[in-house]
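First up is the structure itself, then whatever we jot down about it.
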Amino acid sequence: MISDIMAKEINTQINRELYSAYLYLAMSADAMNKGFKGAAAWFAVQFGEEQGHALRFIRYLQDQNAKVELQAIDAPKRAWKDLLDMFLNTLAHENTVTANINKLMSLAVLEKDFATQGALQWFVNEQVEEEANDAEVIWMLEMASGSKGALFMADKKLGERK
Ligand SMILES: [Fe+2]
Ligand SMILES: [Fe+2]
């Protein structure tokens, strides 16, 4: 049993996770258009992860016998300047997702909703990993800046993500 407000906030978060999925799918398509097959694969993996996040919240609502209420997903941008621009946007987006997860956690603490706090802890940890991964890719792309060979290698490395 969770509060109506908590159920509503989690439903909003499900929409944000699905928007994240859609955003990374758009980046995957744009990376492919620009000839970066590795980055396209990296974002395709992330597209799958974000759907997994949405499903995890959906299952949590269902376990708590709360209604899943899906909302319209906003259209993402279609093109970015370059790979670095995509990953800078990715990190900025994940920073806002982290802030949203923290807000949900604050509500769960306020409501003494221990079950939701437990469910959210997985997402708190996941966000640390997401931001670290993005920062590492940004570092790699900044190092590669100006060198086509290094950019080629960076794209190859991105393609290794499972
Ligand atoms: Fe997510
Ligand atoms: Fe992740």
Side-chain angles (χ1 to χ4, degrees), residues 1-34 36-81 83-138 158-159 161-162:
M1 183 68 194
I2 58 173
S3 74
D4 288 349
I5 298 169
M6 184 57 79
K8 187 171 170 280
E9 294 300 327
I10 291 175
N11 269 299
T12 303
Q13 186 61 31
I14 289 167
N15 184 265
R16 289 196 196 103
E17 299 292 349
L18 291 172
Y19 172 77
S20 299
Y22 218 23
L23 176 68
Y24 299 137
L25 184 61
M27 287 183 179
S28 178
D30 189 39
M32 193 59 106
N33 285 339
K34 288 173 164 62
F36 296 111
K37 282 191 184 168
W42 192 99
F43 281 114
V45 172
Q46 195 59 31
F47 167 62
E49 265 205 16
E50 297 303 336
Q51 291 175 82
H53 296 169
L55 262 180
R56 200 178 176 102
F57 275 121
I58 286 169
R59 295 209 175 105
Y60 180 68
L61 284 182
Q62 289 168 336
D63 284 347
Q64 290 285 12
N65 205 22
K67 267 213 184 74
V68 173
E69 289 171 337
L70 299 179
Q71 292 146 28
I73 306 163
D74 288 341
K77 250 173 83 162
R78 289 184 188 151
W80 287 264
K81 191 172 148 260
L83 285 192
L84 180 59
D85 186 33
M86 281 183 213
F87 280 95
L88 287 170
N89 273 270
T90 296
L91 179 57
H93 180 67
E94 290 303 325
N95 287 338
T96 69
V97 172
T98 299
N100 289 319
I101 296 287
N102 288 345
K103 267 193 203 162
L104 282 171
M105 184 63 105
S106 299
L107 179 64
V109 169
L110 193 78
E111 291 189 346
K112 296 189 168 58
D113 176 349
F114 301 115
T116 302
Q117 287 175 38
L120 285 170
Q121 189 58 50
W122 184 90
F123 286 93
V124 170
N125 299 341
E126 171 68 10
Q127 286 309 116
V128 173
E129 187 204 298
E130 299 282 339
E131 290 178 5
N133 288 345
D134 297 342
E136 199 181 322
V137 175
I138 287 167
L158 287 169
R161 184 180 180 190
K162 294 279 175 301

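Atom CD in Gln64 sits 8.0 Å away from atom CD1 in Ile10 (nearest 0.5 Å). Asp63 contributes atom CG, which lies 9.5 Å from atom CZ of Arg59 (distance to the nearest 0.5 angstrom). Considering NE2 of His93 and CG of Asn95, their distance stands at 10.5 Å, rounded to 0.5 Å. In this structure, the separation between CD on Glu50 and CG on Leu18 is 9.0 Å, given to the nearest 0.5 Å. We find the OG1-CE distance between Thr98 and Met105 to be 12.5 Å, quoted to the nearest 0.5 Å. Interatomic distance, CG of Asn133 versus CD of Glu131, reported as 10.5 Å (0.5 Å rounding).
Ring geometry, Phe57 versus Phe123: the interplanar angle falls under 30°, so the pair is classed parallel (tilted spans 30 to 60°). Between Phe87 and Trp42, the ring planes lie perpendicular to each other; the angle is over 60°, past the 30° to 60° tilted range.
Within the 4.5 Å cutoff, the side chain of Gln71 has no heavy atoms near those of the Tyr19 side chain. Thr90 is not listed as a side-chain neighbour of Gln46, based on a closest heavy-atom distance of 4.5 Å or more. Annotation: side chain of Val97 is in contact with side chain of Ser20 (closest heavy-atom distance under 4.5 Å). Within the 4.5 Å cutoff, the side chain of Leu61 has heavy atoms near those of the Ile14 side chain. Within the 4.5 Å cutoff, no side-chain heavy atoms of Glu126 are placed close to those of Arg56. Using a 4.5 Å heavy-atom threshold, the side chains of Phe43 and Leu23 count as separate.
A side-chain donor from one of Asn125 and Gln121 sits under 3.5 Å from a side-chain acceptor of the other. Looking only at atom types and distance, the side chain of Asn11 has no donor-acceptor partner in the side chain of Asn15 under 3.5 Å away. Using modelled atom types, one finds a donor on one side chain and an acceptor on the other under 3.5 Å when comparing Glu17 with Gln13.
Remark: Lys77 NZ is packed, more than 12 non-hydrogen atoms of other residues, nucleotides or ligands lying under 6.0 Å away. Around atom CD1 of Ile5, no more than 12 heavy atoms belonging to other residues, nucleotides or ligands sit under 6.0 Å away.
In this structure a side-chain-to-backbone donor-acceptor pair under 3.5 Å is present from Tyr60 to Thr116.
Ser28 and Ala40 make their closest contact through OG-O, 2.7 Å (heavy atoms, listed as atom of the first residue, atom of the second, distance). Contact record, Lys81 with Lys34: O-CE, 3.6 Å, taken as the closest heavy-atom pair. The shortest heavy-atom contact between Glu9 and Leu107 is CG-CD2, 3.9 Å. When all heavy atoms of Leu120 and Ala108 are compared, the closest pair comes out as CD1-CB, 4.2 Å. Scanning all heavy atoms of the two residues, the minimum distance from Trp80 to Asp30 falls at N-OD2, 2.8 Å.
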Under the criterion salt bridge (charged side-chain N to carboxylate O under 4.0 Å, His left out), I'd like the reasoning laid out for Glu49 against Arg161: C-alpha separation, chi angles, the key distance, then a yes or no. CA-CA 12 Å; Glu49 265 205 16; Arg161 184 180 180 190; 3.3 Å; yes

Does the side-chain contact (heavy atoms from CB on, under 4.5 Å) test come out yes or no for Gln51 and Tyr24, once each step is laid out? CA-CA 11 Å; Gln51 291 175 82; Tyr24 299 137; over 6 Å; no

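A search for side-chain hydrogen bond (donor to acceptor under 3.5 Å, both in side chains) contacts involving Glu69 returns nothing, not counting sequence neighbours.
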